[in-house]
Amino acid sequence: MRNNRKTLVITLSATFILMALLVVYTTRMIYNTSYSYIHELGDDKTSAISADLENYLENAKSVLWVAADTVDHMVANGATDEEIVDYITRESANTEQQFDESYTGLYGVIRGNYVDGVGWVPPEGYDPTARDWYKTAVEAGGETVIVSPYVDAQTGNVIISIVKMLSDYGNVLSLDLTLSGVQDIIEKTQLNGNGYSFILNNDGMVIAHPDRSLNGSFFDDTEEGKALFDKAISVGKGNFNMNVDGEDCTVFVDEVMSQWHLVIVTNTGVLFKAPRNIMFISALINLCVFALIAVFYFLGDRYEQKMNKRIDEMKEIEQKKDYEAKLLMLEKSAADSANKAKSDFLADMSHEIRTPINAVLGMNEMILHESDDEQILDYASSIKSAGNTLLSIINNILDFSKIEDGKMNLVPVEFSTAELISGLVNSISERARTKNLELIVEVDDTIPSKLFGDDVRISQIIMNLLTNAVKYTEKGSVTLSVRNKGAEDGNVSLRFDVADTGIGIRKEDFDKLFKSFERVEEKRNRHIEGTGLGISIVTRLLAMMDSKLDIKSEYGKGSTFGFDLSLKVVDSDPVGNYDDRKKTVSRGDEVSLSAPSARILVTDDNAMNLKVAGNLMKFFDIKPITCSSGRTTIDMFRNNSFDILFLDHMMPQMDGIETLKILKSEGLLGDTRVIALTANAVVGAREQYLNAGFDDYLSKPIMLGDLERILKTYLPESVVSVSESVQNDDSADASDTELTIGKAESIGLNVSAGVEFSGGDEEFYLEILTDYANDAEEKCNALSKYMKAKDWKNYKILVHSIKSASKTVGASYISEEARKLEEASAREDEEYVVANHNALISDYRTLAGRILG
Ligand code: ADP
């Protein structure tokens, strides 16, 4: 800012100096031009006037010369004086007529006598030869000359005589002039209306002056007059400056016939008034121009300053934006690395948390199968349920973090539509039953039986929706419907909907659904387990499949979550009636497996995990060999062969993947199938293990069902034997009336647990199952009686026995209902018992009817 001021001052000063120089220069130029012009003008004027005067006098000279010549001839020819007087009288009259009145007549001296053309008679004693005019003529010889003037007493006019001596010496002719013409010229002569003029003769006598009183006087009488006269004489023709009558004057002078001096005196100030005015106006214009320039500069400077300020502001804004962008980038990279750290942390936690849970749940599974103490079994079942919930929460968090990190890839494979649906139904039916909810499954018959897609992720999506539907519904039903919307170009468009009659969602809460870790109506739902991740995972997975979630919900009445999916058709045979299929599938698939001759090696660095695995194998009559490191595993393979190797991934020194590599590279594997054991079962784990060369993977904690699936899939048929019920399974009709293991399973009982509780004896299990069903009516009536009588003590005892019996036969959802009623009756919570009693009675009776029916 200060710099700008300085620049402005310097620029303006420089401009001012330049303009001042310009003014001085132009002024001088104007002055010089005007000066010389005015002087030229003055000089021209004096020249013109002196020429006029010379003409005037030349005329007079000519007149005299002609007359003198004539008289000269007359004298020579002997003309008499009278004849000569006559002639000059006539000539005087002619001259006066011909010219003007200023010619006053001819006169002279002829043969010693005075002669006069106008009849003037000289006074007595008048000697013409003594007069100036006569003497001057004689002195001039034959030249025509002007005699010094004198002032006419009457007119005040100066009178001059022009004289010429004739050839006969002694004769002189003279002509008088009044000079009134000269006086007129002088009185009119000024320079541009400025000043005055006069004529002096060589003696300094005033010939003509506007002030007539001065005519005839001598100019050099006064000092100033003398100085002026001297200067005029010395200059001759030209001009000079002089103080005249106290004023600065410019004086122009010229000679007239070498006898007179024409003088024009002008006031210098007046003379140069016009150029001075021009100079003044020019300076004024320059000043105005300078002022304008200064104003423009100033305004320009202000505008520039304003613009500079704006530019500075804009720069500042730009810099701020840059800074913010950099900050954002830094924040983003910080967030990215924080996110990465979070994912790494979660991945690590996965292993760290899953390993102890594996141990807890594994041991718990053993308690459940080995303990006879009902109380202990009760505790163990609670541990199992809580442990499974914890696992599913961890799985959700891990899946979500994996998806967020972009590490999740879809792995499309061929899959059976019916298997996908029944897998989902099997997984959710138990929970729905526990909550006494009706599970309705509606599947279009026309859906192709084999499709191509990521069945694991599709299942995960639908399972999340089904789990929510069951979680947020207290009574009524949960419906899974799969509709065929039509096929095109080898693809089928399916519509999946999960509807419930639950609590519903307010419209204004819809947005919250999609926000990770955010739950709707937290207060109301706080007793329902959840992380707020389920829907987020669903929407993200659907986005990966080019689909999106539609939500319809009526608060208090229920919700429907649905989506469309386009999948490639592998086998377009229709899937057929789902209910019919369900029977066949469940009968065919649910096999109880025994493989005592199977050769199994389990490798894990954690002794507890080895123990759990070993115990679970017992269910299949398998005695596995265990190993605690990759190195010993390789050694084992050098001398032995195995049907399946269960190989832990995370091990110190040599991990599972390295071990597998060596086994393969050394050709030690043979026909052995290798299954990865991992606690790190996040999204993408399956692809990772398949890529690493494993045949499959088993997530820790190992679930009996999963283990069975693996054994069934990978053990050679020769070492597997299946239970009789399966072999007889084809006799579908029998199962409808006769109670068989298959029938018990189709009813939804946990048969394996029941058989286990029956000491592994299926016959015995079926026997106690029949008793259980037969007792139903009696027990239900008695229980209702106790409730009416508010006999809480007996109610508690009876409901406890129903709980234990239900658990023993594998009716866990009834057992659970009974457990809650037992607790309620123990604390005499009448309200709870009244509200839930009927559900238990109805479930027990329905189940009994199905067992016996
Ligand atoms: P959460 O683990 O809490 O169930 P989700 O992401 O699966 O998380 O669901 C987010 C929220 O959406 C839930 O907390 C619940 O309030 C609501 N919600 C989800 N499904 C349903 C449903 N079927 N009925 C009512 N509310 C639901």
Side-chain angles (χ1 to χ4, degrees), residues 346 349-350 353 385-404 408 424-425 427-442 456-482 495-545 547-563 682-683:
L346 285 175
M349 286 302 285
S350 148
I353 296 175
S385 138
N388 283 332
T389 308
L390 183 58
L391 265 183
S392 87
I393 290 173
I394 289 172
N395 282 343
N396 261 351
I397 295 175
L398 294 172
D399 278 359
F400 181 76
S401 74
K402 207 80 181 180
I403 294 173
E404 282 291 276
M408 154 86 148
L424 288 166
V425 173
S427 305
I428 200 67
S429 57
E430 174 76 6
R431 275 188 248 183
R433 246 194 321 265
T434 311
K435 284 192 81 178
N436 210 14
L437 298 174
E438 190 183 357
L439 178 65
I440 303 165
V441 183
E442 295 165 351
V456 176
R457 300 302 156 218
I458 298 170
S459 292
Q460 191 176 359
I461 293 167
I462 302 170
M463 198 56 206
N464 273 356
L465 298 179
L466 283 169
T467 313
N468 276 351
V470 172
K471 266 198 318 195
Y472 298 104
T473 304
E474 281 316 314
K475 59 173 191 286
S477 63
V478 169
T479 307
L480 165 67
S481 85
V482 191
R495 171 76 194 180
F496 295 86
D497 279 301
V498 175
D500 64 56
T501 55
I503 58 171
I505 305 157
R506 288 199 191 94
K507 276 259 170 332
E508 60 265 32
D509 286 334
F510 272 28
D511 280 351
K512 278 194 192 168
L513 290 180
F514 300 100
K515 291 191 180 145
S516 323
F517 300 104
E518 189 138 347
R519 304 192 70 206
V520 178
E521 286 200 88
E522 289 217 48
K523 251 192 197 157
R524 184 177 168 181
N525 296 337
R526 70 176 179 278
H527 63 283
I528 303 174
E529 283 154 357
T531 49
L533 279 178
I535 300 290
S536 298
I537 292 174
V538 166
T539 48
R540 281 162 174 78
L541 287 175
L542 281 177
M544 292 175 74
M545 296 178 190
S547 181
K548 65 178 183 41
L549 189 65
D550 304 321
I551 305 170
K552 286 187 210 105
S553 187
E554 205 173 323
Y555 191 59
K557 292 205 167 157
S559 320
T560 303
F561 289 75
F563 60 92
V682 284
V683 172

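What's counted below: heavy atoms across the whole structure, side chains too, no hydrogens, waters or symmetry copies. We count ligands from 1, going down the list as the structure has it; atoms in each ligand are counted the same way. Keep in mind that this is a model prediction, so the values were computed, not measured.
Across Ile535, Val538, Val478, a single residue satisfies side-chain contact (heavy atoms from CB on, under 4.5 Å) together with Asn468, and that is Ile535.
A salt bridge does not link Asp500 to Lys471: none of the charged side-chain nitrogens sits closer than 4.0 Å to a carboxylate oxygen. Checked for salt-bridge contact, Lys552 and Asp550 miss the test: no charged N lies under 4.0 Å from a carboxylate O. A salt bridge links Asp497 and Arg495; the closest N-O separation between the charged side-chain nitrogens and carboxylate oxygens is under 4.0 Å.
Residue Ile535 approaches ligand 1 through these ligand atoms, each under 4.0 Å from one of its heavy atoms: 5 (P), 6 (O), 7 (O), 9 (O). Each of the following atoms of ligand 1 lies closer than 4.0 Å to a heavy atom of Gly534: 5 (P), 6 (O), 7 (O), 8 (O). Against a heavy-atom cut-off of under 4.0 Å, Lys471 is close to the following atoms of ligand 1: 1 (P), 2 (O), 4 (O).
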Determine, step by step, whether Ile461 and Met545 satisfy the side chain to side chain contact (heavy atoms under 4.5 Å, CB included) criterion, reporting the C-alpha distance in whole Å, the side-chain angles of both residues, the deciding distance to 0.1 Å, and the verdict.
CA-CA 11 Å; Ile461 293 167; Met545 296 178 190; 4.0 Å; yes
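For atom 22 (C) of ligand 1, the candidate residues are Tyr555, Phe510, Phe561; the nearest heavy-atom contact is made by Phe561. Among Leu466, Asn464, Asn468, Asp509, the residue whose heavy atom sits closest to atom 19 (C) of ligand 1 is Asn468.
The closest side-chain heavy-atom distance from Thr479 to Val498 is not below 4.5 Å. Residues Thr560 and Ile551 fail the side-chain proximity criterion, which asks for heavy atoms closer than 4.5 Å.
Counting only distance, with no hydrogens or angles, the side chain of Thr473 and the backbone of Val470 share no donor-acceptor pair below 3.5 Å.
Not one N or O of Gly504 is nearer than 3.5 Å to an N or O of ligand 1, by distance alone. Taking any N or O of Ser536, backbone or side chain, none lies under 3.5 Å from an N or O belonging to ligand 1. Among the atoms of Ile503, none of the N or O lies under 3.5 angstrom from an N or O of ligand 1.
Here Leu465 has no heavy atoms under 4.0 Å from ligand 1, in either its backbone or its side chain. Residue-level proximity to ligand 1 for Leu533 is carried by the backbone, the only part with a heavy atom below 4.0 angstrom. Using a 4.0 Å cut-off between heavy atoms, Ile505 contacts ligand 1 through its side chain alone, with no backbone atom that close.
Ligand 1 lies less than 4.0 angstrom from a heavy atom belonging to Ser559.
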